[in-house]
Protein chains: 2
Amino acid sequence: MSGSLIVVGLGPGAPELITPEVTAALAAATDLVGYAPYVARVDAGRDVRRHASDNREEIDRAAFALKLAAEGRRVVIVSSGDPGVFAMAAALFEAVEAGEPAWRDLDIRVLPGVSAMFAAAARIGAPLGHDFCAINLSDNLKPWETVEKRLRAAAEADFVIALYNPISKARQWQLEAAFKLLRSIHPASVPVIFATAVSAPQEQIDVVPLGEAQPDRANMRTVVMIGSSQTRIIERRDGARFVYTPRSVGVLS
Amino acid sequence: MSGSLIVVGLGPGAPELITPEVTAALAAATDLVGYAPYVARVDAGRDVRRHASDNREEIDRAAFALKLAAEGRRVVIVSSGDPGVFAMAAALFEAVEAGEPAWRDLDIRVLPGVSAMFAAAARIGAPLGHDFCAINLSDNLKPWETVEKRLRAAAEADFVIALYNPISKARQWQLEAAFKLLRSIHPASVPVIFATAVSAPQEQIDVVPLGEAQPDRANMRTVVMIGSSQTRIIERRDGARFVYTPRSVGVLS
């Protein structure tokens, strides 16, 4: 029996955002591996084995999945959003490189998905319509001074910025520190979008000026997007708004 | 009759990367608007009206679509990849803001798709597995010095960089200039990925060190990804390679 390991992105939450390619991979799996809420989300056959784990055990989870695949199982690792964006794909290749030499010759594939930030952007307009950066705000795997250096570089070069993992129970002060740093570079009027649980029933999207952005609008399911100096708001009669970043920009000061 | 306007992302090319949400929107459309090759790609009913246009007419195309929606048609604008990433969504909102006041109250929605860069990244491993930037290399709508400032900021802060629109018939020297600038900051060993026509029959993916990266590997269907100083290559026995960027990084110099 020849095993395989596929890392898939389930998208931000709604089933209609799962690609047919991912649906087919899930249907063919013998084993599902992943963070418990994602594994639970999958609609799969009765015979599939579900291996749910805690959020913080990415490398152990990846090594476990590789071991199953080496034994001949058809393993799917489930990730939310796109698996290559602050999710399981990088952890998997770290485990491949550090693990059994035979693992690197396994049939390993990554299937892309709809990322949380693009789903969030689509809901509010086109805030990422021009050059942008994605930064993982967690300082679990990098020093905070590296995060700050990147925030500063991105804002000074007037990129739109998408922040993943803006806050958690164990990381409470970082988002406020990020806003403070960005306020030292950008005007207070720059729009900030808090997009939480996009496409799920709990979806919540708020737009506030950077000068008034407070970290308590974010939770673990929030992507925070900070506009560039060019990002614009279109007001609608019903009180809703579109936020977008035009495709043109001049010389940066 | 109440019209609507939906901007959809068809993904990078393969039908199995189109979300069910987009498929449903296409099936309900009365009119398809977009760049001719994308409009041609859509499998829709016989009665749908197809309005194909040239690549450079985004604003006119968006205004035309808005006019149709205002007349009560169910219009879908088709984009490749994700519509919010260097595609039609930003152009649409520019047209909304500059156009008829009534247009901003139309039923306008954006449906996300699998972006070209995430599809490309998935094919080769997880090169965007850590903080990254996306930059449109075209200087049609921004001065080249703004592009250079962003490239420099991104490389100095050690982001992975994804370049959209790296080259065209009318823009031949910019990609070489970008490589030259990046070589002044990064080691020559940093991996560069040229991902062309991902998921289409013409798919081609090359990995070369930055020191040997030549612009003639790119064409209009290529996304170019330049690794950070941390990006790694895993060699496989069959000669294939995985490229990934680990989740951890230290203090930047």
Side-chain angles (χ1 to χ4, degrees), chain A residues 14 16-21 24 82-85 89-94 96-97 104-105 110-115 118-119 121-122 125-126 128-136 141-143 145-146 149-150 153-154 156-157 159 232 234 236-238 242 244-252, chain B residues 14 16-21 24 82-85 89-94 96-97 104-105 110-115 118-119 121-122 125-126 128-136 141-143 145-146 149-150 153-154 156-157 159 232 234 236-238 242 244-252:
Chain A
E16 61 267 29
L17 293 175
I18 301 177
T19 67
E21 183 181 59
D82 180 274
V85 181
L92 171 68
F93 291 107
E94 289 175 35
V96 168
E97 196 173 16
R104 59 185 66 194
D105 297 310
V110 181
L111 304 186
V114 172
S115 65
F118 294 160
L128 304 175
H130 195 63
D131 301 337
F132 66 90
C133 295
I135 300 176
N136 187 340
L141 294 169
K142 63 188 166 192
E145 63 188 281
T146 295
K149 177 165 178 168
R150 288 182 178 164
E156 287 178 348
F159 285 95
R232 300 183 60 78
I234 301 177
R236 311 180 75 183
R237 267 205 308 242
D238 65 1
F242 294 124
Y244 82 100
T245 306
R247 301 161 306 149
S248 302
V249 67
V251 176
L252 299 176
Chain B
E16 61 267 28
L17 293 175
I18 300 177
T19 66
E21 183 181 59
D82 179 275
V85 181
L92 171 67
F93 291 107
E94 289 174 36
V96 168
E97 196 173 15
R104 60 186 65 194
D105 297 311
V110 181
L111 304 186
V114 172
S115 66
F118 294 160
L128 303 176
H130 195 63
D131 302 336
F132 66 90
C133 295
I135 299 176
N136 187 340
L141 294 170
K142 63 189 166 191
E145 63 188 282
T146 295
K149 176 163 179 169
R150 288 181 178 165
E156 287 178 348
F159 285 96
R232 300 185 60 79
I234 302 176
R236 311 180 75 181
R237 267 204 310 244
D238 63 3
F242 294 123
Y244 81 100
T245 306
R247 301 162 304 151
S248 302
V249 67
V251 176
L252 299 177

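Just so we're on the same page: letters track the sequence lines, and every chain starts at 1. Keep in mind that the numbers below use all heavy atoms, side chains included, and drop hydrogens, waters and symmetry copies.
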- Would you indicate whether the side-chain heavy atoms of B:Ile234 and A:Val96 approach each other to under 4.5 Å? yes
Okay, B:Ala121 and chain A: the region with an atom under 4.5 Å from a heavy atom over there is neither
Looking only at A:Gly84, A:Pro20, A:Gly250, most heavy-atom pairs under 4.5 Å shared with chain B are made by A:Pro20
Turns out that what part of B:Leu252 lies under 4.5 Å from chain A's heavy atoms comes down to both
task = Give a yes or no answer on whether the side chain of A:Arg236 reaches the backbone of B:Arg104 with a donor-acceptor pair at less than 3.5 Å.
result = yes
Q) Taking the six-membered ring of B:Phe159, is the NZ or CZ of A:Arg150 close enough (under 6.0 Å from the centre) and on axis enough (within 45°)? A) yes
Interatomic distance, NZ@A:Lys149 vs CD@B:Glu156, rounded to 0.5 Å, equals 7.0 Å
Chain A shares the most heavy-atom pairs under 4.5 Å, among B:Ala89, B:Ala157, B:Ala154, with B:Ala157
Margin query: Within the structure provided, determine whether A:Phe242 and B:Leu92 are in side-chain contact (heavy-atom separation under 4.5 Å).
Written below: no
Under 4.5 Å to a heavy atom of chain B? For A:Glu145 that would be side chain
Whatever's closer than 4.5 Å to a heavy atom in chain A on B:Ala91 counts as both
Whatever's closer than 4.5 Å to a heavy atom in chain B on A:Ile135 counts as both
Pair count under 4.5 Å, heavy atoms only, with chain B: among A:Ala153, A:Gly125, A:Gly113, A:Ala122, highest is A:Ala122
Taking the side chain as everything from C-beta on, heavy atoms only, tell me whether A:Val110 gets closer than 4.5 Å to A:Phe93. yes
When every non-hydrogen atom of A:Ala90 is compared with those of B:Ala126, the smallest separation belongs to N-CB, 3.7 Å
Counting heavy-atom pairs under 4.5 Å with chain A, the top scorer among B:Arg247, B:His130, B:Arg232 is B:Arg247
Whatever's closer than 4.5 Å to a heavy atom in chain A on B:Phe132 counts as both
Ranked by heavy-atom pairs below 4.5 Å to chain A, first place among B:Ser115, B:Pro143, B:Ala14 goes to B:Pro143
Residue from A:Pro83, A:Ala134, A:Gly129 scoring the most non-hydrogen pairs under 4.5 Å with chain B is A:Ala134
If one checks every heavy atom of B:Asp82 against chain A at 4.5 Å, the contacting part turns out to be side chain
Highest number of heavy-atom pairs under 4.5 Å with chain B among A:Asp238, A:Asp105, A:Thr146, A:Val114 belongs to A:Asp105
Among A:Thr19, A:Thr245, A:Leu111, the residue with the most heavy-atom pairs under 4.5 Å to chain B is A:Thr19
Next on the checklist: I'd like to know if the side chain of A:Asp131 and the backbone of B:Asn136 have a donor-acceptor N/O pair within less than 3.5 Å.
Outcome noted: yes
Whatever's closer than 4.5 Å to a heavy atom in chain B on A:Phe118 counts as both
Honestly, the part of B:Glu97 sitting under 4.5 Å from a heavy atom of chain A is both
